[in-house]
Every structure is written in structure tokens, then in C-alpha cells.
Amino acid sequence: MSASLAIEQDVSRQWQHALDRALAAHEQESATAYYTYIALAFPADTPYTSNANPLIDFRSLKRWARERGWRVLPSRQASPSDKYRPPVRFMRHASPLH
């Protein structure tokens with residue numbers, strides 16, 4: 001593994017950990033996160049990723065969120081300036097009644 005790839009993976013894990021802490025502390029049923037922060041936590045493996053408009057690995061993000069009791073949805077709060085970087089919305093899974 002190259003040193004640069006190891007650093008990228010470490011940075012990604014740090015952003016994932018920060019997102020995990022933020023969602024765990026969030027007491028409401030939904031939360032919104034900046035696209036850029038999610039792209040740092042779950043960067044796509046693609047040659048077309050740029051710093052201006054990074055891509056998100058949505059499969060990994062959705063799997064990660066599901067394991068923590070959240071669903072990932074497109075945000076309804078996207079503005080024209082967020083056309084290529086819309087906020088990412090998290091919704092809590094309904095807990096079963098027991």
C-alpha cells in the first residue's frame with residue numbers, strides 16, 4: 001500500500017469517526033451534513049474525483065449508516081449553488097416496538 005493511500009484511508013476513517021460521534025449525539029429524527037464532509041469520509045474510487053466536486057461512495061455510506069440505525073437520503077434543502085454538492089440527509093430507522 002502506498003503511503004499516500006494509507007494517509008487517505010486514515011483521513012477517511014477520522015471523518016467517519018467524527019460523523020459517527022455527531023450522529024450519535026444528535027437527538028432528532030433527521031440530520032443534514034455537508035456534502036464535502038461526507039465526501040471526505042466516504043470518497044469514491046474514481047479517476048474523475050476532483051477537489052472542487054469530489055464524489056461520494058454511496059454504497060459504503062449507506063451500509064455504514066444502516067449499521068448505525070440511519071438511512072441516507074438526498075436533502076430537500078439543496079440550493080442552486082449546491083447543484084453538484086447537495087447536503088446529505090440522514091433519517092433514523094424506526095425502532096421496532098417491543
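Given the structure is predicted, the values throughout are model-derived calculations rather than measurements.
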**Q** Would you check if F90 and V72 make a side-chain contact, meaning some heavy-atom pair closer than 4.5 Å?
**A**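 They are in contact (side-chain heavy atoms under 4.5 Å apart), so the answer is yes.
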
**Q** Rounded to the nearest 0.5 Å, how far does CD of Q16 lie from CZ of R13?
**A**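 Nearest 0.5 Å value for the CZ-CD distance: 8.5 Å.
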
**Q** Excluding sequence neighbours, so at least two apart, what forms side-chain hydrogen bond (donor to acceptor under 3.5 Å, both in side chains) with Q14?
**A**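 By the side-chain hydrogen bond (donor to acceptor under 3.5 Å, both in side chains) rule, Q14 matches D10.
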
**Q** When rounded to the nearest 0.5 angstrom, what is the spacing between CD1 in I38 and CG in D57?
**A**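 It comes to 12.5 Å.
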
**Q** Do any pairs count as a ring pair (Phe, Tyr, Trp, His ring centres under 6.0 Å) and have a residue in residues 5-36, sequence neighbours left out, and if so which ones?
**A**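 Sorted pair list: W15-Y37, Y34-Y37.
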
**Q** Enter the distance from W64:CH2 to L19:CG here, rounded to the nearest 0.5 Å.
**A**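 So the CH2 of W64 and the CG of L19 are separated by 3.5 Å.
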
**Q** Report the residues that fulfil side-chain hydrogen bond (donor to acceptor under 3.5 Å, both in side chains) with S30, sequence neighbours left out, ordered by chain and then residue number.
**A** none

**Q** Could you state the interatomic distance from CD (E67) to NZ (K62), rounded to the nearest 0.5 Å?
**A**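 Answer rounded to 0.5 Å: 14.5 Å.
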
**Q** Tell me every residue that passes side-chain hydrogen bond (donor to acceptor under 3.5 Å, both in side chains) with R59, counting only those two or more places apart in sequence or in another chain.
**A** none

**Q** State whether the side chain of S12 and the backbone N or O of A41 hold a donor-acceptor pair below 3.5 Å, judged by distance alone.
**A**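 Yes, S12 side chain to A41 backbone: donor-acceptor pair under 3.5 Å.
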
**Q** So which heavy atom on H93 is nearest to which on R66, and how close?
**A**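 Shortest heavy-atom contact: NE2-CG, 4.2 Å.
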
**Q** According to the salt bridge (Lys or Arg N to Asp or Glu O under 4.0 Å) rule, which pairs have a member within residues 15-31, sequence neighbours left out?
**A** D20-R68

**Q** Look up atom CH2 in W70 and atom CE in M91, then write down how far apart they are to the nearest 0.5 Å.
**A** 8.5 Å

**Q** Sequence neighbours excluded, which residues qualify as side-chain hydrogen bond (donor to acceptor under 3.5 Å, both in side chains) partners of R71?
**A**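 R71 satisfies side-chain hydrogen bond (donor to acceptor under 3.5 Å, both in side chains) with no other residue.
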
